[in-house]
Every structure is written in structure tokens, then in C-alpha cells.
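Keep in mind the model is a prediction, meaning the values are calculated, not measured.
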Amino acid sequence: MNTTIRIKLSAMMFLEFFIWGAWFVTLGTFLASNLHASGSETAAVFSTQSWGAIIAPFIIGLIADRYFNAEKILGILHLIGAFLMYQMYVSDDVTAFYSYVLGYMILYMPTLALVNSVAFNQMKDPEKEFANIRVWGTIGWILAGLSISFLFHWDSAEGVGQGLLKNTFLLAGIAAFILGIFSFSLPKTPPKVSDEKIKIGDIIGLDALKLLKDKNFAIFFISSILICIPLAFYYQNAHPFLTEAGVQNPTGKMAIGQISEALFLLLIPVFFSRFGFKKTILVGMLAWAIRYVLFAYGNGGDLSFMLIIGIALHGICYDFFFVSGQIYTNSKAGEKYKSAAQGLITLATYGVGMLIGFAVAGWITDNYKMLDGTIDWKMVWIIPAGIALGVFLLFALLFNDKSKTENEITAA
């Protein structure tokens, strides 16, 4: 890969995740302060991510992989996305806003696969080259959060009160427009030529359902769905909670989670080799419970360090469960069902699991809203902590796959 292509792919990843980080982190606070959305309305808006994840494989499998160059579809989707972002920016009604964000997420979620496709197509050794390209996506997300807090100050108490968080959609829309135009200059990534008949089961990974006959994989599969319930609480409620708690520059401080994610990713091989898959994934589950207990009992004053620690635990929470789970799934599926299994797990977690999680988080938030309009955040965080602990115990007691998979992972 020459330097020009490397720079283009890095810029592509940077913009791809800058866009997401520029508006999604502050979405919960925007909905509450600008559109006065209820918990259930907020849950519905956040659930558009899940609907996008469910629909994305069909867009990729039925259209992108067969008829058009990936970089061209990437450009078109982001240009349409820029228009929808502008509509979100000018919207002042939660119902209309929901329709725009739903349309946007249906278009955006497929781009996550498209940027990977464009990148992998230029690599001779993806295992060594991809991480150096993908890390620019994490940098993009982090810089988006830092810009909102420390450059524009849209998430300050004054900024939120003046409704300035709507500017995040304008920022994301400008970045989407730039990436849309830039995409047409990316290396050509032609569709896969195939005369085989498309099967819906192949697209969503139904062939991998055979793996559920393995008791341990079935337990892992169920645990993956259940752990997404507390995950949804973080995405939906963390920023509004930090803002209400009086934490300064909450968006910038939440970027600590992405920094942590990048760092702990490097530690996964160490944990695998020393402790094996089960203990590694249990650490990830337990981290969710600990993080929410810290949120429940911390505050924006003398105990603000508890909130910062909770944010910093994001790397362990996400990497030790989800990345470890992807590796476990890969090792259990084998060559024949590898792609199908990853597709099935993605559908189960970001699709079904998060859809349930957002609904539960919205219901809990509404039910712990006080008469004066404030939210009993202690209970809002204790409940997902209990759910995470329950999943931890379920997995610890029932999962017992010690031999083949752990040896394969350790050897890898």
C-alpha cells in the first residue's frame, strides 16, 4: 500500500467516526433539553441505531456487494446523510426528528461495513495493516467530543440552556458532506462478481444457528443479547446524567472511554494467554456492574472521580466482552460459518439486544422521573448494574468451554 492510499484510507476512517461521535454522544441531552423528549421517546430515537444495524446487511448483501463499487455507494449514502443531518439540525419536533434520524441510521450503519470493505481491498496483510488505518476512526470520534467541549463549548451549562447542542448535527452534516465528496476519490472497490442466488439466510447469518446446538455457544449467545441491555443504558443516559450532575465538559470527558477502548484492545491478547476466554469475558461483564455502581453513587462534585473512573472502564466493558466475543465466535464457527456467525452475533447484539436495551432504559428513566421533572439517577444506574451482575453469574455458572476454544485462542 503506497503512502497516498494509506493517507486516503486513514482520512476516510477519521471522517467516518468523527461524524458518529459528533452527534450521537450528546443525543440524549439534546433530546431532553431541546425537544423535551420523554424517556420512551428518547428510547425510540436511540433504537434507530438497532433498526439500522438490522437493515444494513440487506443493503450490503443485496446491493453493495453485487452491483456497485463500494466507494461510490459510500459517497452517495453520506451525501444523503448530510441532507438528513441538516433536517435534524432544523427540526424542533421529536416526531419529525425521529423520522430523520431513522432514515439517517438506515443509511449510516451500512457505511461501517463499506469503509472496511474499501480498506481491506487495498491490503495485502489485513491483520498487520488494518489496525493502523482503523485507529484513525477512534481518533476522529475522540476529536469530535473534544471539539464539542473545549472548542465550541456547546455542552456547557450555558450552551445546553441556549439549545446549542443542535449545532452538533450541523457539524456532523458538514463532515458527512466532505466524506461524501471525498469518497469518490477513494481507491476503486468493485462489487463481488457472483452468479449465485442470494439467500436471505446467508445475509443475516442464519446458517450459524447450527452453532447454538453447542451448549456453551448458546449460553454465550444469550449472554451477548442480555449484556446489551446495560450497554444501551450507557449510550442513552450517560451524557444527560453527566450534564445534570454538573460535570464540566461532559462530551470531552466521555472521550476518555474511547481512549480507554483503544488501550485495552492491546491488552486482550495478554489476558487471553494468561487467563483464557471465560475469565477475560467475565472481567468485561463485571466491569459493567462496577461502572454503573460508580455512576449511582458518584456525583459531579467531591465524588466526580467516581464518574471519571466509570467512563474510563468503557475499554474493559466493551473490549473484554465484545471483541473477545468476536474472537470466540470466530474460533467456534470455523471456516465454513465464520462470516455467518459474525453476522448473526452482530444482528443479535446491535440489533435485537440493543433494541430491547433502549426500550428498557427508556421505560426505567420514565418510571424514575420525579414530580419536579428530575430523574432518580441512582436507581436508573443500579438497575442495569444488577442486570450486568445477573448476566455475569449466568455466564460464570453455566459456561464451561475450557478445552478446545481456549487453547485455540491462546495459541493464536
Steps toward side chain to side chain contact (heavy atoms under 4.5 Å, CB included) verdict (Gln326, Ile345): CA-CA 8 Å; Gln326 290 167 0; Ile345 287 295; 5.6 Å; no
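Residue Trp136 qualifies as open at atom CH2: its count of foreign heavy atoms under 6.0 Å is 12 or below. Other residues, nucleotides and ligands place more than 12 heavy atoms under 6.0 Å from the OH atom of Tyr235. Other residues, nucleotides and ligands contribute over 12 non-hydrogen atoms within 6.0 Å of the CZ atom of Phe152. The local environment of NZ in Lys72 is sparse, with at most 12 non-hydrogen atoms from other residues, nucleotides or ligands closer than 6.0 Å. Heavy atoms from other residues, nucleotides or ligands lying under 6.0 Å from CZ of Phe120 number more than 12.
For Lys253 (side chain) and Gln248 (main-chain N/O), a donor-acceptor pair under 3.5 Å exists by modelled atom type. Of the possible polar contacts, one joining the Ser50 side chain to the Leu355 backbone as a donor-acceptor pair under 3.5 Å is found. Side-chain atoms of Thr189 come within 3.5 Å of backbone atoms of Pro187 as a donor-acceptor pair (strictly under, hydrogens ignored).
No side-chain heavy atom of Thr29 sits under 4.5 Å from any side-chain heavy atom of Asp155. Residues Pro230 and Tyr292 have side chains in contact (heavy-atom distance under 4.5 Å, counting atoms from C-beta outward).
Residues that satisfy the ring pair (Phe, Tyr, Trp, His ring centres under 6.0 Å) test with Phe18, not counting sequence neighbours, are Phe14. By the side chain to side chain contact (heavy atoms under 4.5 Å, CB included) test, Lys8 is found to be paired with Thr4, Phe182, Ser185, Leu186, residues two or more places apart in sequence or in another chain being considered. For Thr42, there are no side chain to side chain donor-acceptor pair (under 3.5 Å) partners two or more places apart in sequence or in a different chain. Residues meeting the ring pair (Phe, Tyr, Trp, His ring centres under 6.0 Å) test with Phe150, sequence neighbours left out: none. The side chain to side chain donor-acceptor pair (under 3.5 Å) check on Thr26 picks up nothing, with sequence neighbours excluded. Evaluation of the side chain to side chain donor-acceptor pair (under 3.5 Å) rule for Ser33 yields no partner, not counting sequence neighbours. Residues satisfying the side chain to side chain donor-acceptor pair (under 3.5 Å) test with Glu71, not counting sequence neighbours, are Asn69. Among residues two or more places apart in sequence or in another chain, the ring pair (Phe, Tyr, Trp, His ring centres under 6.0 Å) test is passed with Phe395 by Phe399. Not a single ring pair (Phe, Tyr, Trp, His ring centres under 6.0 Å) links Phe233 to another residue, sequence neighbours left out.
Rounded to the nearest 0.5 Å, atoms CG (Asn367) and OG (Ser40) are 10.0 Å apart. Here the straight-line distance linking atom CZ of Phe241 with atom NZ of Lys378 works out to 12.0 Å at 0.5 Å rounding. A distance of 10.5 Å separates CE in Met13 from CG in Leu179, rounded to the nearest 0.5 Å. The line from OG1 of Thr365 to CG of Asp376 is 10.5 Å long, rounded to the nearest 0.5 Å. With rounding to the nearest 0.5 angstrom, the CH2 atom of Trp20 is 5.0 Å from the CG atom of Leu112. To the nearest 0.5 Å, the span separating CG on Leu231 from NE2 on His314 amounts to 7.5 Å.
Ring-plane geometry between Tyr104 and Tyr108 is classed as parallel, the angle between the planes falling under 30 degrees on a 0 to 90 degree scale with a further cut at 60. By the 30° and 60° cut-offs, the orientation of the rings of Phe97 relative to Phe30 is tilted. Between Trp23 and Phe169, the angle of the ring planes lies from 30° to 60°, which puts this pair in the tilted group. Ring pair Tyr234/Phe295 is parallel by interplanar angle, where below 30° counts as parallel and above 60° as perpendicular.
With hydrogens and angles left out, the side-chain atoms of His78 and Glu16 include a donor and acceptor closer than 3.5 Å.
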Hey, can you pull the donor-acceptor pairs under 3.5 Å for the side chains in residues 302-311, sequence neighbours left out?
residue	atom	partner	partner atom	Å
Asp302	OD1	Asn299	ND2	3.3
Ser304	OG	Gly301	O	3.2

Distance-only check: which donor-acceptor pairs under 3.5 Å involve side-chain atoms of residues 256-271, not counting sequence neighbours?
residue	atom	partner	partner atom	Å
Gln258	OE1	Trp141	NE1	3.3
Ser260	OG	Ala312	O	2.6
Ser260	OG	Gly315	N	3.0

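Counting only residues at least two apart or in different chains, salt bridge (charged side-chain N to carboxylate O under 4.0 Å, His left out) contacts with residues 212-235 comprise Asp214-Lys332.
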